[in-house]
2 protein chains.
Amino acid sequence: MTTHATPRREQILREASRLFAERGFHGVGVDEIGAAVGISGPALYRHFAGKDAMLTELLVGISSRLRDGGRRRVAEAAEAGLPPEAALDSLIGGHIDFALDDRALITLHDRELDRLPEADRKQVRQLQRQYVELWVEVVRRVYPELPEAPARASVHAVFGLLNSTPHLSRPSSLPDRDEMAALLHRLARGALTAAAAGA
Amino acid sequence: MTTHATPRREQILREASRLFAERGFHGVGVDEIGAAVGISGPALYRHFAGKDAMLTELLVGISSRLRDGGRRRVAEAAEAGLPPEAALDSLIGGHIDFALDDRALITLHDRELDRLPEADRKQVRQLQRQYVELWVEVVRRVYPELPEAPARASVHAVFGLLNSTPHLSRPSSLPDRDEMAALLHRLARGALTAAAAGA
DNA sequence: CGGCCAGGTTAACGCTCGCTAACAGCTCGT
DNA sequence: ACGAGCTGTTAGCGAGCGTTAACCTGGCCG
């Protein structure tokens, strides 16, 4: 009954996230997940209570990582005495790293939330809300002329912008990772600046 | 065997799109769709060949409307002798109208494509590609200094930004429709301007 | 050495799903 | 008036799903 991370569990979660992102939670069978890690079907129940539990752990995990990483970045910027612009850039950069390096998880994050049992969904939503509020606070510190409502809507929109990377399936003829990160950063910053300028 | 639009068909498609967006294609049963329009279960097969056919018609319909509407707007701007900026603003405005007024369809559009049978998926992808290329051409006319690869990536990102509205579930404490449309327009324009400025 | 437990196997159950079959009523045009 | 056809009904089939049961095996600890 330990919640500790064994290699097997992590391997299962990795493959499950990939499959869920590719074909949707309901579109993947437990036999498929098992096959992806070299065991078959019901052996998964030695590691997880059920299919739902895998999705729950994935979504809670990613939401926690986003929120905690965001908090850390904002705190570090504050301790270093940096201006709010630096905190915002750090938030943007952290989110971009996540979107580029964990595309499957980002996809699940805003696509399969409704497939969770009610209790777990509440927990994930709370983590997401705290992450959004963190962004809203920093954004409003950078752009004090921007009221709260449009600030929150803008943050959501910027998430949509940054999370758009997984939809780019064809790897060819696209910028490489570093160029893509820089481009997304400029897009996000430009969007927020324009939002504030019009308010 | 007519493909014409009877009221019943349209009603079914409306409810199906709502349900698919809420709980995912695999998460909705045909009995549920039937119940939503007041008939029950297998009666749907008097109007559609099957569940897949409903999703196909929804996705082909929305992709066609987006592409055709976009082409019309670009053509109109050209005929009126307007500068490319006007065509871009018209594209953005049209997409925003769509995102705000047909949230369910926008959600399906970038979420359930993989659930289509291969042949239909090819058709939808072609329509989507043509719509993207339309945007890329206009964007590059407005920002000639922006190379093609980052232009395409930016267009995808702007789609993600504009399509983010459905994720805002709580209607309270958010801008109303017109403010939201104006805000999204500024965000999109600001993002593209910033992308071009950094290139 | 011996027993336990972690982690795997296959078989099978029960449920749900998409879909078909068989039938019924309503509205027409002739 | 009446058969045709469109649109609805209920019953039920066959497949696939998540899950449980029963059993096996190899390594570790006392």
Side-chain angles (χ1 to χ4, degrees), chain A residues 1-59 108 112-121, chain B residues 1-59 108 112-121:
Chain A
M1 185 45 99
T2 83
T3 351
H4 258 54
T6 77
R8 193 50 126 185
R9 278 180 65 88
E10 293 171 12
Q11 185 192 14
I12 293 171
L13 287 175
R14 250 199 327 275
E15 296 301 315
S17 74
R18 187 179 54 81
L19 289 168
F20 289 160
E22 280 173 10
R23 295 208 284 287
F25 179 67
H26 290 300
V28 181
V30 291
D31 289 358
E32 245 171 318
I33 303 172
V37 301
I39 67 183
S40 250
L44 296 170
Y45 287 76
R46 301 287 170 195
H47 304 276
F48 295 92
K51 201 184 160 196
D52 288 3
M54 300 181 206
L55 184 61
T56 296
E57 198 159 320
L58 285 171
L59 292 186
L108 292 183
E112 307 285 348
L113 177 59
D114 317 328
R115 281 73 180 168
L116 281 189
E118 165 69 15
D120 305 313
R121 195 168 50 227
Chain B
M1 188 40 107
T2 83
T3 350
H4 259 54
T6 77
R8 192 52 126 186
R9 277 179 67 88
E10 292 171 13
Q11 185 192 15
I12 294 172
L13 287 175
R14 249 197 329 271
E15 295 302 315
S17 75
R18 186 179 54 82
L19 289 168
F20 289 160
E22 279 173 12
R23 298 209 281 289
F25 179 68
H26 290 301
V28 181
V30 291
D31 290 358
E32 244 171 317
I33 303 173
V37 300
I39 67 183
S40 247
L44 296 169
Y45 288 77
R46 300 291 171 192
H47 305 275
F48 296 93
K51 200 183 159 196
D52 288 2
M54 300 180 207
L55 184 62
T56 297
E57 198 159 319
L58 285 170
L59 293 186
L108 293 183
E112 307 286 347
L113 178 59
D114 316 330
R115 281 73 181 168
L116 281 189
E118 165 70 14
D120 305 312
R121 192 168 54 228

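Note on naming: letters A, B, ... go to the chains in the order of the sequence lines (proteins, then strands), and numbering restarts at 1 for each one.
- Between A/Ile33 atom CD1 and D/dC17 atom C1' the separation is 12 Å, expressed in whole Å.
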Dump the intermediate steps for side chain to side chain contact (heavy atoms under 4.5 Å, CB included) on A/Asp52 and A/Leu116, then the final yes or no. CA-CA 7 Å; A/Asp52 288 3; A/Leu116 281 189; 5.9 Å; no
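- One can place CE of A/Met54 at 11 Å from C1' of D/dT19, the figure rounded to the nearest angstrom.
- Here B/Arg18 pairs with B/Glu22 in a salt bridge; the nearest charged N to carboxylate O distance falls below 4.0 Å.
- Side-chain proximity of A/Ala43 to C/dG8, C/dG18, D/dG8: nearest is C/dG8.
- The phosphate of D/dG8 (OP1 or OP2) has a side-chain N or O of B/Arg8 nearer than 4.0 angstrom.
- Among the atoms of the strands shown, only primed sugar atoms or phosphate atoms (P, OP1, OP2) are found under 4.0 Å from some heavy atom of B/Gly50.
- The CZ-P distance, from A/Arg9 to C/dA6, rounds to 14 Å in whole Å.
- Between A/Gln11 atom CD and C/dG7 atom C1' there is a gap of 13 Å when expressed in whole angstrom units.
- Between B/Arg14 and B/Gln11, the side chains place no donor N or O within less than 3.5 Å of an acceptor N or O (distance only, hydrogens not considered).
- Of the two residues contacting DNA chain C, namely B/Arg46 and B/Lys51, the nearest-nucleotide position lying further toward the 5' end is that of B/Lys51.
- If you measure from atom OH of B/Tyr45 to atom C1' of C/dC19, you get 5 Å, rounded to the nearest angstrom.
- Here the P atom of nucleotide D/dC17 and the CG atom of A/Asp31 are 7 Å apart, to the nearest Å.
- Among the protein residues, A/His26 comes within range of no part of the nucleic acid, since none of its heavy atoms lies under 4.0 Å from any strand.
- Summarising the geometry, the separation between CD1 on A/Ile12 and P on C/dG7 is reported as 10 Å, rounded to the nearest angstrom.
- Among the nucleotides C/dG8, C/dG18, C/dT10, the one closest to any side-chain atom of A/His47 is C/dG8.
- Using a 4.0 Å heavy-atom distance criterion, B/Val37 is classed as making no nucleic acid contact.
- Protein atom CG of A/Leu44 is 13 Å distant from nucleotide atom C1' of C/dT9, rounded to whole Å.
- Interatomic distance, B/His47 NE2 to B/Ile12 CD1, rounded to the nearest 0.5 Å: 4.5 Å.
- Looking at heavy atoms from C-beta onward, A/His26 lies out of side-chain contact with A/Phe20 at the 4.5 angstrom threshold.
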